[in-house]
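Okay, structure first, notes after.
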Amino acid sequence: MLQRLRHAEIMRRVRTSGATSVRDLASQLGVSPSTIRRDLEVLDRDGTLRRVRGGALPCPELPCADADAHRPFAEVAGADEQDKEAVAARAARLVADGDVVLLDIGTTTMRLARRLRGRRVTVVTSSLAVLDVLRSDPEVELLLLGGMVRRAYHSLVGVLTEAALSQVVADRVFLGASGVRPDGQLVDTTLAEVPLKRAMIAAAGQVVLLVDRHKFPGTGALRVCGPEDIDMIVTNDGADEATLRACAAAGAEILLA
């Protein structure tokens, strides 16, 4: 099992069961206890679980769990429109008829959804904005993940959403992020969205990051994943070249819109 898939499954089990032992995780995932210990150390450093003797505990919720509540979706959608539109247009060319695609939340993925209207594709999403774009399209097979409504950013979050994602196998995910750090680390501002992004990465055969040039470095104190977990980055000319080189060195293909 790939490391990113294993990490997503560990997080799902910890969040579902609470306290979880190294021995149980090793048995359930079919790997050695030493592998699980290394995984838990990485996840503990990322702040996504709490490593304890013999196993792990879920992290307590942080007091500021929704940074986007102070900047609602409509305001974000109106910013940097031309750059986002160019990224969405380039990303749409990656989708073939018959594909199953996961669309993350965000204003760029909403624009991508508009470009998928009339296409014979299956779209799986936790974005209510994507739902609004595609709900009346008879050509698109639309699967909406369940969960708690996060009104400020038109999305669904929580354990129900994560559980639904565990049943999904997609050709590719189009992922958003609040920022890309100079070393290629993806970061986000909102606690509730981070485990969902990781679950989407685990559910897809190919991970495509959609980030306009203003996301370099962007904002966010919560780590989503490293550049080695990304297969392709779609961005604009003018994105920080040193960061793009770091991502390319980790294996990501760079597409400029």
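Residues Leu94 and Val234 have side chains in contact (heavy-atom distance under 4.5 Å, counting atoms from C-beta outward). With a 4.5 Å cut-off on side-chain heavy atoms, Arg198 and His7 do not count as touching.
The 12-atom threshold is not exceeded at CZ of Arg120, counting heavy atoms of other residues, nucleotides or ligands nearer than 6.0 Å.
Applying the side chain to side chain contact (heavy atoms under 4.5 Å, CB included) criterion to Asp240, with sequence neighbours excluded, gives Phe216, Ala242, Thr243. Glu141 is linked by a side-chain hydrogen bond (donor to acceptor under 3.5 Å, both in side chains) to nothing, counting only residues two or more places apart in sequence or in another chain. Under the side chain to side chain contact (heavy atoms under 4.5 Å, CB included) criterion, Ala86 pairs with Asn236, Ala257, not counting sequence neighbours. Not counting sequence neighbours, Arg23 has no partner by the salt bridge (Lys or Arg N to Asp or Glu O under 4.0 Å) test. Applying the salt bridge (Lys or Arg N to Asp or Glu O under 4.0 Å) test to Arg119 and every residue at least two apart in sequence or in another chain returns Asp97.
Applying the side-chain hydrogen bond (donor to acceptor under 3.5 Å, both in side chains) definition to pairs two or more places apart or across chains, those involving residues 25-35 are Arg13-Gln28, Ser32-Ser34, Ser32-Thr35, Thr35-Arg38.
A salt bridge links Glu85 to Arg115: at least one charged side-chain nitrogen sits closer than 4.0 Å to a carboxylate oxygen. Ion pairing of Arg117 with Asp137 is absent here, as no side-chain N (NZ or NE/NH1/NH2) approaches a carboxylate O to less than 4.0 Å.
Of the candidates Thr107, Thr108, Asp212, Thr109, Lys84 forms a side-chain hydrogen bond (donor to acceptor under 3.5 Å, both in side chains) with just one, namely Thr107.
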